[in-house]
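This report concerns only the one structure given below.
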Amino acid sequence: MVDKKNNLKFKTKNVSVFYGSKQAINKISLDIEEKQITALIGPSGCGKSTFLRCLNRMNDVISNCSVNGKILLDGNNIYSDEIDPVLLRAKVGMVFQKPNPFPKSIFENIAYGPRIHGIGNNRAELTDLVHHSLEQAGLIDEVKDRLDDIATGLSGGQQQRICIARAIAVNPDVILMDEPCSALDPIATAKIEELMSSLSKSYTIIIVTHSMQQAGRVSQKTAFFHMGDLIEYGETPKIFTQPDQQKTQDYITGRFG
Amino acid sequence: MSDHISSQFNNDIMFINSNLTKMGGICEDNLKKAIKAMTKNDSKLAEQIISKDEELDQIENQIDDVVIKTIALRQPVADDLRLLFAAIKIAAAFERIGDLTKNIGKRTLSISEEEPLKLKAPISDLGKKVNLQLTKAVNSHTTKDSKLALEVWNSDIEIDKIYNSLTIDLVAALRKKKQVEVGSHLLFIAKNLERIGDHTTEIAEMVYYVLTGQQMDKSARPKKSF
């Protein structure tokens, strides 16, 4: 159940991650609000992507990676034995840095996830779902007449929106985005950012970004990570106008990095 | 100016523009009332103006907050950056106009019981001219009309001239009729109107800057007041 009082989607407590003996993040406790955009910022190697990948157990696929602490999604521990990571990743979708559509048609890219999860029982339902997902991703007008074209032939920005539509198609609650715009030009970036803002009415979005400016533009909450520690977490306008911590101030003003 | 892809950015810019227009409207309305209150010895109307000034202060603070937040979060450039820079200055000018108008109201309360001098009529005329300039400056911002802004900037000299001759007449009348208290208040009211004219010119300068990217040559501005 969602904690209605605080409207929290994720509760994390003392999350530490080790790659072998090397500790990547150190006792992170960070609560994520539902249907908001939360940005994770910090210099390379600060642990922000590692933390993000804990939220849908993407770190499971790294053999020497171990995760300690508690991560509750709607109150349920996602690292408990009863949780099927495949179902978890449908509920907590992910969009990566480089657009990675399958080398298949636009239609098949979107329909693939629903098929393997048994959503959309016949062609008509599936077609509706594909259209709806593309519509939500702000892409339908650009591709509706060429759904059978191969998705990798689209522009970078369009490919990234295909990936977002693909994540949406399996009916997630949360969308994780790991540097979703770093391979895109400024206009395609602005379109993705505006899309995020409209998607946040229906989904909880957590974005890792190297661009502090992007965090400022898109998010309501910002978390600043440094060397595996969570230094500061708060309302984005406050973080960017009067942060509490000197380290945050130094980072966002470009005094260290 | 066309819309940004980010609707939130559009909303913030719209908030700033509409609140600047709102401040301008309050200033125009207050000034009109202040002139009327002075002319008709209407102390009730003068009280109204004094209470309305607080609203201007609040809107100025809101505009400043949104500008600071927008600069911090969006790194605006070009016409957006010029607008945000100008918005702080324009809001401050409106706030000063509000203070000066409030002061006219306060002085009206002090002199309302006194026998009116016939010099109130030319002060009222000056006030109406200043208010017309203010209306044009506000309109130049809302309609994005750089020519109108330039016109306001060039016309301030007329206000200065009227103010100067009014001052000479007031001092002469004071000397003759020995109405020192009411005369001093009227002198300050006239000076306040002249200062409102200057702030109006400053607003026109900022509007022109936002629209054209050019700063007006302040040293070239015709200026004649005492």
Side-chain angles (χ1 to χ4, degrees), chain A residues 36-39 41 137-139 141-142 155 157-158 160-161 180-181 184-201 205 207 209-222 224 232 234-244 248-249 251-254, chain B residues 1-23 55-95 144 206 209-211 213:
Chain A
Q36 299 276 307
I37 303 177
T38 302
I41 63 168
L139 200 57
D141 289 341
E142 291 162 61
S155 74
Q158 287 171 327
Q160 196 61 307
R161 279 181 282 151
C181 301
L184 304 180
D185 70 59
I187 297 296
T189 297
K191 284 185 184 167
I192 299 277
E193 288 175 359
E194 183 58 7
L195 173 61
M196 288 170 69
S197 153
S198 67
L199 290 176
S200 68
K201 293 185 184 92
I205 296 177
I207 176 176
T209 175
H210 266 131
S211 161
M212 287 178 273
Q213 290 80 2
Q214 180 167 57
R217 289 190 298 263
V218 300
S219 70
Q220 285 80 47
K221 286 276 191 100
T222 295
F224 170 55
E232 188 166 353
E235 302 285 334
T236 299
K238 183 167 186 303
I239 295 275
F240 284 98
T241 51
Q242 43 178 130
D244 288 330
T248 314
Q249 168 112 347
Y251 181 67
I252 63 172
T253 55
Chain B
M1 290 173 214
S2 58
D3 279 354
H4 303 91
I5 295 167
S6 163
S7 51
Q8 186 53 51
F9 197 3
N10 289 331
N11 291 344
D12 289 341
I13 296 280
M14 216 190 300
F15 176 90
I16 290 166
N17 276 327
S18 63
N19 276 287
L20 286 176
T21 306
K22 191 174 173 190
M23 284 187 95
E55 194 180 343
L56 285 174
D57 296 350
Q58 281 167 3
I59 304 174
E60 190 201 8
N61 284 344
Q62 286 170 359
I63 290 174
D64 286 357
D65 283 347
V66 173
V67 168
I68 292 284
K69 189 191 85 181
T70 308
I71 291 173
L73 301 186
R74 301 202 175 272
Q75 301 77 44
V77 294
D79 55 353
D80 294 327
L81 182 58
R82 294 203 301 274
L83 173 70
L84 295 175
F85 167 75
I88 289 184
K89 288 191 145 199
I90 294 174
F94 281 136
E95 192 275 329
K144 303 187 193 325
M206 281 299 111
Y209 173 67
V210 173
L211 296 174

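Reminder, nothing fancy here: chain letters follow the sequence lines and each chain counts from 1.
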Counting only heavy atoms not in K238(A), do more than 12 sit closer than 6.0 Å to its NZ atom?
yes
Considering heavy atoms only, which positions within residues 58-67 of chain B lie below 4.5 Å of chain A?
none
Counting only non-hydrogen atoms closer than 4.5 Å, does S198(A) touch chain B with its backbone (N, CA, C, O), its side chain (CB onward), both, or neither?
neither
Once rounded to the nearest 0.5 Å, what's the spacing between atom CG of L195(A) and atom CD1 of I5(B)?
12.0 Å
Contact class of I187(A) relative to chain B, heavy atoms under 4.5 angstrom
both
Given E193(A), K191(A), E194(A), M212(A), the one with more heavy-atom pairs under 4.5 angstrom with chain B than any other is E194(A)
Minimal heavy-atom distance between T241(A) and K69(B), with the atoms involved, is CG2-CA, 4.5 Å
How close do Q213(A) and Q75(B) get, counting heavy atoms only, and between which atoms?
CG-OE1, 2.8 Å
